[in-house]
Amino acid sequence: MLVEQQKMESLAGRLVEEEVKGRSPWADARRRFVRNKAAMFGLVILVFVGAFALFGPYIAAWSIDELDFMVLGQVAELGGPSIETGHYFGTDDLGRDLFARVVQGTQISLMVGLVGAAIAVIVGTLWGAIAGYVGGATDNVMMRTVDILMAIPYMFVLILLLVMFGRSIAMLFFGIGLLSWLDMSRIVRGQTLSLKNMEYIEAARATGVSGFRIILRHIVPNLLGIVAVYATLLVPLMILTESFISFLGLGVQEPLTSWGALISEGAGTMQYGTLWQLLFPLFFFVITLFGFFFVGDGLRDALDPKDR
Amino acid sequence: MSELLRVEDLRVTFDIPRRGALPFAEPLHLRAVGGVDFTLNAGETLGIVGESGCGKSTLARALIRMVPGEGRVVWMGGDDLLAVSRRKMLSYRSEIQMIFQDPLAALNPRMTVGQIIAEPLRTHRPDLSSTEVKTRVKEMMDRVSLLPNQINRYPHEFSGGQCQRIGIARALIVEPKLIICDEPVSALDVSIQAQVINLLMRLQKELGLALIFIAHDLSVVRHISDRVMVLYLGRIMEIAEKHDLYANARHPYTQALMSAVPVPDPDIERTKDVIVLSGELPSPLDPPSGCVFRTRCPRAQALCAERDPVLEEKPSGRPGQRIACHFADET
């Protein structure tokens with residue numbers, strides 16, 4: 001009995017003392033996400049593609065600009081995928097190792113997608129949150145600026161930029177960054193307008209918290225759900241844009257390459273029987289887009305409590 | 001008793017742009033609060049009652065400059081809260097705190113309870129260390145009957161009554177002198193209402209707080225208030241000590257409100273007279289001339305349309321009972 005009592009007392013003491021760990025809305029969302037099979041499958045694909053881009057260079061037997069003179073001129077007969085020659089994915093039309101080039105293209109394309117989305121998240125979120133929270137004339141000026149930028153045919157401008165200032169990765173990032181945040185800022189502004197009238201924002205204002213603090217502490221964390229969903233759907237969009245530019249022959253400079261450029265080359269030589277030159281880059285391109293769309297869908301289901 | 005707050009001729013007018021009008025055209029003026037005078041003493045509870053849309057919440061928000069108001073709001077015989085600079089106002093914001101109607105909506109869902117309660121403290125006392133803040137938060141949680149070990153939980157893990165107590169803890173942490181309660185119990189179950197109200201009354205006694213308590217439930221207001229103000233269309237109809245108002249309502253609007261309170265006795269309930277007001281609350285965009293209540297008043301006469309009644313003591317009222325009616329002494 002005595003032992004029991006001691007146990008009870010220590011338990012009571014612990015109950016009072018020990019701080020209970022709360023379950024945050026983020027933890028809840030993570031749990032829902034992990035339970036979503038399609039989303040987890042998408043995540044596995046993305047991890048695989050990411051690992052391919054990171055560790056591919058160590059596996060590749062050839063570098064991206066080395067010409068294999070053994071297969072040069074007879075690519076269709078000798079340049080096919082094989083383990084013995086070290087060309088796991090075969091070679092391209094000039095006898096360069098396709099495996100190394102796909103790895104390199106994956107790096108560039110993922111980077112374009114991630115940088116574009118990152119710019120959208122940072123600039124778009126702050127721009128939209130400030131416009132929505134401050135309101136009035138500020139809101140008008142900021143959102144009309146977005147409208148004007150949106151009215152410009154961006155693909156045309158992007159192509160002009162690349163033609164005028166030369167084809168470089170920096171210019172590509174600049175051009176894509178310029179347009180990626182516009183939609184984001186609109187979505188964020190709309191969401192901010194509805195958050196702004198919540199009572200906890202009013203409570204913070206009544207107690208004297210400054211406007212900037214309210215945006216960072218109360219508005220942005222409550223926006224992150226929708227931002228995360230939109231950002232994952234934006235990455236494939238950016239990749240598609242870059243691929244389109246590269247497909248036109250404007251994107252990155254040789255010997256660097258990207259998925260779009262590789263697919264373009266592969267499509268060009270399809271008729272000579274070197275189908276692998278099209279299929280390998282296309283495979284990675286397609287599974288990555290699928291992966292991002294699945295993850296984006298999963299995030300939306302996990303973060304939107306109304307849709308559960 | 002020392003005077004905490006003196007409100008003189010407080011008016012709140014919203015400009016509503018006319019639909020389809022040019023941007024620089026004269027907008028419509030919505031008079032949400034029109035010329036309100038009252039005083040509030042330290043440690044006192046003032047109940048504000050009135051129907052939806054009569055300007056109760058706007059009045060409360062105008063006091064702390066959450067909506068722009070005109071007139072004077074004198075704090076402890078010194079500064080006019082409506083005239084001081086923004087920076088100066090910041091120091092008064094810790095003296096006046098607010099409790100809101102929807103307990104869950106008033107708490108940021110992404111913050112832990114500890115962070116929520118600490119926010120006013122971190123805003124007004126940046127000199128405090130984080131351990132000191134945490135100790136104070138835990139003390140405050142204990143004070144409002146929340147377990148201090150729940151400090152890391154999130155609002156969605158609490159019930160409505162607990163959430164309202166978190167809101168109370170947040171309001172009390174900076175040791176204010178006045179708390180504005182904007183319908184703090186109307187979203188709660190009746191049993192929880194009693195808990196929250198008793199908690200508020202206990203804390204008020206312990207800390208010497210003054211309360212402005214907005215509600216539309218007359219029995220709740222009767223329980224907690226010292227004085228009660230009846231608002232109609234942004235005007236004070238009647239203001240008096242609680243007992244005087246409930247026993248000797250002089251204004252026809254107050255009488256109608258009182259007669260509508262249900263009595264928990266079927267025999268009385270069946271036989272008592274209920275004054276039913278006809279019509280709707282007039283639009284504050286186009287208030288009636290003279291007395292704003294005249295369109296629904298059973299005692300309205302020609303004089304009511306001509307002259308606005310003054311809020312003053314009447315022979316038939318008790319001392320301190322002020323009534324805005326030309327015919328308060330009849331019947």
Side-chain angles (χ1 to χ4, degrees), chain A residues 11-32 129 135-137 140 144 191-192 194-228 303-306 308, chain B residues 57 60-61 63-67 86-87 89-116 119-124 134 138 142 147-158 163 166-167 170-171 173-174 176 180 182 187:
Chain A
L11 178 68
R14 259 212 321 281
L15 270 181
V16 175
E17 284 309 314
E18 210 170 284
E19 283 168 13
V20 180
K21 197 163 155 24
R23 224 176 57 205
S24 77
W26 293 118
D28 273 357
R30 195 163 54 234
R31 215 163 33 86
R32 285 197 290 274
N140 264 330
R144 290 305 81 78
Q191 198 70 13
T192 308
S194 64
L195 281 179
K196 196 170 121 178
N197 294 322
M198 296 295 286
E199 279 183 335
Y200 57 82
I201 305 285
E202 204 183 351
R205 284 207 300 139
T207 203
V209 183
S210 71
F212 192 63
R213 280 261 172 76
I214 289 180
I215 290 180
L216 288 189
R217 199 185 286 162
H218 294 287
I219 292 188
V220 169
N222 284 291
L223 285 172
L224 281 184
I226 201 157
V227 168
L303 291 167
D304 190 354
K306 274 169 296 202
R308 225 179 302 168
Chain B
S57 298
R61 279 167 176 73
L63 295 178
I64 50 172
R65 286 202 356 203
M66 296 290 285
V67 297
R86 285 174 72 99
R87 184 169 290 275
M89 187 63 203
L90 195 62
S91 60
Y92 288 115
R93 290 206 184 276
S94 68
E95 305 271 357
I96 308 175
Q97 288 285 314
M98 219 170 151
I99 300 172
F100 294 88
Q101 175 173 8
D102 185 340
L104 194 57
L107 309 175
N108 186 341
R110 306 271 175 207
M111 283 162 82
T112 64
V113 171
Q115 290 170 326
I116 290 169
E119 184 168 46
L121 205 56
R122 287 203 294 170
T123 307
H124 290 284
K134 198 169 178 182
K138 284 189 165 181
D142 192 42
L147 286 174
N149 65 352
Q150 312 266 306
I151 189 164
N152 288 327
R153 285 192 175 255
Y154 288 83
H156 69 98
E157 299 174 282
F158 290 90
C163 282
I166 296 168
R170 170 174 64 187
I173 192 108
V174 280
I180 296 173
D182 187 5

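Remember, it's a predicted structure, so these values are computed and weren't measured experimentally.
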Chain A contact via L90(B) - side chain, backbone, both or neither, heavy atoms under 4.5 Å | side chain
Checking heavy atoms, do the side chain of R213(A), its backbone, both or neither come under 4.5 Å from chain B?
-> neither
Most contact-rich option vs chain B, by heavy-atom pairs under 4.5 angstrom, among L224(A), N222(A), V209(A), is N222(A)
Measure the shortest side-chain to side-chain distance between T207(A) and H124(B) over non-hydrogen atoms and say whether it is less than 4.5 angstrom.
-> yes
Determine whether E202(A) and R61(B) make a side-chain contact, defined as any pair of heavy atoms from C-beta on separated by less than 4.5 Å.
-> yes
Using only heavy-atom distances, determine whether the side chains of Y154(B) and D28(A) contain a donor-acceptor pair under 3.5 Å.
-> no
Chain A: which of R65(B), Q115(B), R122(B) shares the most heavy-atom pairs with it under 4.5 Å?
-> R122(B)
Do you know which of M98(B), Q97(B), M89(B), R86(B) has the most heavy-atom pairs under 4.5 Å to chain A?
-> Q97(B)
Are any non-hydrogen side-chain atoms of V113(B) and Q150(B) less than 4.5 angstrom apart?
-> no
Using a cut-off of under 4.5 Å on heavy-atom pairs, state which of T123(B), T112(B), I116(B) scores highest against chain A.
-> T123(B)
May I ask you to name which of L107(B), V174(B), I64(B) has the most heavy-atom pairs under 4.5 Å with chain A?
-> L107(B)
Would a 4.5 Å heavy-atom cut-off, applied to side chains only, mark I96(B) and L63(B) as touching?
-> no
Take atom CZ of R144(A) as the centre, draw a 6.0 Å sphere, and report whether it contains more than 12 heavy atoms from other residues, nucleotides or ligands.
-> yes
Residue among I99(B), I180(B), D102(B), L104(B) with most heavy-atom pairs under 4.5 Å to chain A | D102(B)
Should we say atom CZ of R30(A) is surrounded by more than 12 heavy atoms from elsewhere, each under 6.0 Å from it?
-> no
Residue among A203(A), A204(A), S210(A) with most heavy-atom pairs under 4.5 Å to chain B = A203(A)
